[in-house]
Amino acid sequence: MDHFLYRDGVLHAEDVPLTEIAAEVGTPFYCYSTATLTRHFRLFDEALEGTDHLVCYAMKAASNQAILTTLAALGAGMDVVSGGEYARAKAAGVPGERIVFSGVGKTRAEIADALEGGIRQFNVESEPELAVISAVASGMGVTAPVTIRVNPDVDAKTHAKISTGKSENKFGIPIARAREVYAEAAALPGIEVVGIDVHIGSQLTDLEPYRLAYEKVADLTRALRADGHDIRRLDLGGGLGIPYERSNSAPPLPVEYGALVKEVLGDLGCELEIEPGRLIAGNAGVLVSEVIYLKSGEGRDFLILDAAMNDLIRPAMYDAWHDIVPVREPAPGVETAPYDIVGPVCESGDTFAKARPMPPLGAGDLVAFRSAGAYGAVMASEYNSRPLVPEVMVKGDQFAVIRARPTYDEILKRDTLPPWL
Ligand SMILES: *Cc1c(COP(=O)(O)O)cnc(C)c1O
């Protein structure tokens, strides 16, 4: 459920007509709904009710300071994957003890900054990383809390580019080697082992891979405790899918996911962390764009939009399907026709949809890409020197620009000429 609904014939974000934002901000732009963000965070929080838990928003999904500040005020922790994200989390007022640091390539500088500013734990992905964290922490005279990410070798049955829990993926250490690596970790100076981390992929539409993975984590918890490790925290990653296609069977709900977590891991007495990204931000955002041209082709018509693959790369990169709807509500029963919906970038990959049935549309009409809140604006670029797409946040009947569109002048000023030119 989200808060983008037609009202008086116009698609609204909460109580604000998207046409009103378009008139003021120009297109294309991303628009987020505070009520939807809040609702989705609470769904997870409530799903784990009755357990000692922390919902750490995986901010790589959408990391605007306004989104982070909104979630932080609800008590969210943050899952960060870079020094830049750590800085964003801190700037949004998230205390270090609510920030977990994931990612396979943490640098010495990033590790040192996080130890300096405070960190709940590092989710360690490899033995070389463990050695570096030990060295950096020891050098600073501090102790780094760590979990070790184990790769449970389960098939998440999702898109290859977002599947992370198979043994051939680059993530974590093989679960079969976990006891050995935990023994190594426990012997290292500057390291305190606090728990286990697992994350098997993104956009999961089935609970079964989670069950398989979490059963392995439960077994491992018992084995590591028997080896003398104080396993007191389980970080369960993220990955719950969202319904991009409304007609498709619905992915599991957070409450169903929570029930599974409690069933499989609830009796271990561990503090539980989950790291949802997509499910919190995905349906909380839309990308609004204007039709520049309606071009008739042979056997098909093209809707050429002012948004392009540089603004929303998911269709080009993951073959992702987004619901694309007219901002002005079509008359009931109006006939649809198939359109190829494309952007202006000089690549055939700049195609959002092929032969998509749409009501009649023409130049000047606005369309909205639904479910664009996650992995949308954060993956945008200025390819083709198209200004970085702006972001807008709505709360009730108010809206505000939370990242402005840069002017050409601002874009040009970022380049500097070498002294010989
Ligand atoms: C990407 C990622 C997440 C969030 O995944 P979603 O599918 O957006 O929920 C959580 N944890 C880790 C370690 C990740 O890499």
Side-chain angles (χ1 to χ4, degrees), residues 37 40-41 43-45 47-48 53-63 67-68 71 76-82 84-86 89 98-106 110 119-126 129 146-152 154 156-166 169-173 195-207 209-210 213-214 217 233-244 251-254 257-258 261 272-285 314 317-318 320 371-379:
L37 283 169
H40 289 167
F41 174 79
L43 285 179
F44 274 109
D45 209 26
L48 290 180
H53 69 274
L54 182 64
V55 179
C56 293
Y57 170 59
M59 63 184 273
K60 70 177 191 283
S63 58
I67 293 175
L68 303 185
L71 293 172
M78 298 287 157
D79 172 36
V80 307
V81 294
S82 72
E85 286 195 350
Y86 180 83
R98 287 177 169 269
I99 303 175
V100 300
F101 203 141
S102 301
V104 295
K106 305 175 193 80
E110 288 173 328
I119 191 81
R120 181 178 182 84
Q121 93 226 4
F122 293 99
N123 294 331
V124 176
E125 298 258 3
S126 67
E129 182 193 332
V146 306
T147 68
I148 295 173
R149 177 165 174 183
V150 295
N151 187 325
V154 301
K157 300 196 175 72
T158 179
H159 190 281
K161 282 187 190 164
I162 49 178
S163 178
T164 60
K166 285 285 287 170
N169 298 129
K170 67 180 176 183
F171 302 96
I173 57 146
I196 303 172
D197 173 44
V198 66
H199 172 70
I200 55 176
S202 197
Q203 187 55 18
L204 270 69
T205 50
D206 184 359
L207 284 181
Y210 282 120
Y214 295 166
V217 168
R233 194 179 282 169
L234 299 178
D235 184 312
L236 303 174
L240 210 53
I242 63 172
Y244 284 101
L253 301 171
Y257 173 80
V261 167
L272 301 173
E273 290 162 359
I274 52 168
E275 302 165 346
R278 188 188 310 269
L279 207 143
I280 288 182
N283 283 331
R314 296 191 67 260
M317 186 152 157
Y318 309 114
S371 311
Y375 308 105
V378 282
M379 292 181 114

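Every number for a ligand or one of its atoms is a count from 1 in the order of the listing.
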Nearest-0.5 Å distance, OH of residue Y257 to CD1 of residue I274: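 One finds 5.5 Å between OH of Y257 and CD1 of I274.
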Give the atoms of ligand 1, by number and element, whose distance to some non-hydrogen atom of [X] is under 4.0 Å.
| X | result |
| --- | --- |
| G277 | 4 (C), 6 (P), 8 (O), 9 (O) |
| P276 | 9 (O) |
| R278 | 6 (P), 8 (O), 9 (O) |
| G238 | 9 (O), 10 (C), 11 (N) |
| Y375 | 1 (C), 4 (C), 5 (O), 6 (P), 8 (O) |
| A58 | 3 (C), 4 (C), 10 (C) |

Side-chain donor-acceptor contact under 3.5 Å, N123 with E125: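 Distance-only check fails for N123 and E125.
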Salt-bridge present (E85, K60; N to O < 4.0 Å):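 A salt bridge is absent here (no side-chain N lies under 4.0 Å from a carboxylate O).
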Look at the side chain of [X] and the backbone N and O of [Y], then say whether any donor-acceptor pair between them is shorter than 3.5 Å.
| X | Y | result |
| --- | --- | --- |
| H40 | L279 | yes |
| Y57 | S63 | no |
| Y86 | I119 | no |
| Q203 | I242 | yes |

Ligand 1 N/O within reach of G201 N/O, cut-off under 3.5 Å: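 Looking only at distances, the answer is no, because the N/O contact criterion of under 3.5 Å is not met.
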Contact check: S202 vs ligand 1, nitrogen or oxygen atoms, below 3.5 angstrom: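 N/O-N/O distance under 3.5 Å: yes.
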Closest contact, heavy atoms only, S371 versus P243: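 Of all heavy-atom pairs spanning S371 and P243, the closest is OG-O, 4.2 Å.
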Whether D79 lies under 4.0 Å from ligand 1, heavy atom: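 For ligand 1, residue contact (heavy atoms, under 4.0 Å) with D79 is present.
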Whether A61 lies under 4.0 Å from ligand 1, heavy atom: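 Judged by the 4.0 Å heavy-atom criterion, A61 does not count as contacting ligand 1.
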Closest to atom 15 (O) of ligand 1 among M59, E275, K60 (heavy-atom distance):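 Comparing heavy atoms across M59, E275, K60, the nearest one to atom 15 (O) of ligand 1 lies in K60.
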Proximity to ligand 1 by part of H199, non-hydrogen separation under 4.0 Å: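 The answer is the side chain of H199.
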